Amino acid sequence: GAVVSQHPSRVICKSGTSVKIECRSLDFQATTMFWYRQFPKQSLMLMATSNEGSKATYEQGVEKDKFLINHASLTLSTLTVTSAHPEDSSFYICSARDGGRNNQPQHFGDGTRLSIL
Amino acid sequence: GDSVTQMEGPVTLSEEAFLTINCTYTATGYPSLFWYVQYPGEGLQLLLKATKADDKGSNKGFEATYRKETTSFHLEKGSVQVSDSAVYFCALRGNEKLTFGTGTRLTIIP
């Protein structure tokens, strides 16, 4: 089945550091990828929708300058948390949609646990 | 806007017990409905789905039926196993975005 690889799986770093998370679709082309944030014992909150070759669409309340998203190819999207602070600590999950139509399934990565000291 | 309400957990059951996790939704139009499962430290895996009213999704012994009249998509399994311990998310997709419920943590005791 379709596989989405997310890297790294865990990051621990100091406050003020910028952290880049990669999301790759390994065996299909993903014109659209999604980035979610999950707080402990809570649901997934959509942060932004990333479309290949264009700017990401951010959800209300998500800071564009804080969470930089780049979707430069059909198999790779990156999320950069700039100047991360302890409140940015969370579990970040990406998903990729297999194909261009809205009814195509989304496949999820295994997530990245970000801990800012 | 779209929303999903699911049964709050945690839910603890003995092995071989019957499982029901309730899920209801609010949406415009005709959404697709999903159940996802998340094992500790991992991302989400699609468990089952239904795309139209009266469809039944099934996988690994789990079932859920798309009930338009009650706007529900309850998850059921006749005999749970320890390996079913995980967090289960109900979700709907309207136009493009997935909207998730808050998740239900399920623990199965041997």
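Letters A, B, ... are given to chains in the order of the sequence lines, protein chains preceding strands, and every chain is numbered from 1. This structure is a prediction, so every number in the text was calculated from the model and none was measured. These numbers come from the heavy atoms of this one structure, side chains and all, not from hydrogens, waters or symmetry mates.
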task: Under 4.5 Å heavy-atom distance to chain A, tell me which part of B:Phe34 shows up: side chain, backbone, both or neither.
output: neither

- prompt: Going from CE on A:Met45 to OG1 on B:Thr99, what distance comes out if it is rounded to the nearest 0.5 angstrom?
  reply: 9.0 Å

- prompt: Does any heavy atom of chain A fall under 4.5 Å from the side chain of B:Gln38, the backbone, both, or neither of them?
  reply: side chain

query: Under 4.5 Å between any side-chain heavy atoms of B:Leu98 and A:Tyr36, yes or no?
result: yes

- request: Could you state whether B:Val11 and B:Leu47 fall into the same hydrophobic cluster, counting links through intermediate Ile, Leu, Val, Met, Phe, Trp or Tyr residues with side-chain heavy atoms under 4.5 angstrom apart?
  value: yes

query: Atom CG in A:Asp110, atom CD in B:Gln45: separation rounded to 0.5 Å?
result: 7.5 Å

field: Closest contact, heavy atoms only, B:Leu44 versus A:Phe108
entry: O-CB, 3.2 Å

query: A:Val19 and A:Phe91: same hydrophobic cluster, using ILVMFWY side-chain contacts below 4.5 Å?
result: no

message: Applying a strict under-4.5 Å side-chain criterion to I, L, V, M, F, W and Y, I'd like to know whether B:Leu92 and B:Leu48 cluster together.
response: yes

- prompt: Would A:Leu68 end up clustered with A:Phe34 when hydrophobic side chains under 4.5 Å apart are linked, directly or stepwise?
  reply: no

field: Qualifying residues under side-chain hydrogen bond (donor to acceptor under 3.5 Å, both in side chains), relative to B:Thr102, sequence neighbours excluded
entry: none

- request: Select one option (side chain, backbone, both, neither) describing which atoms of A:Leu46 are under 4.5 Å from chain B's heavy atoms.
  value: side chain

field: Contact class of A:Thr112 relative to chain B, heavy atoms under 4.5 angstrom
entry: neither

- request: Flag the pair B:Phe89 / A:Gln38 as yes when at least one side-chain heavy-atom distance between them is below 4.5 Å, and no otherwise.
  value: yes

- request: May I ask whether A:Ile116 and A:Met47 are part of the same hydrophobic cluster, defined by side-chain heavy atoms of I, L, V, M, F, W, Y residues being less than 4.5 angstrom apart, directly or through others?
  value: yes

message: Heavy-atom count check: over 12 atoms from other residues, nucleotides or ligands less than 6.0 Å from A:His7 NE2?
response: no

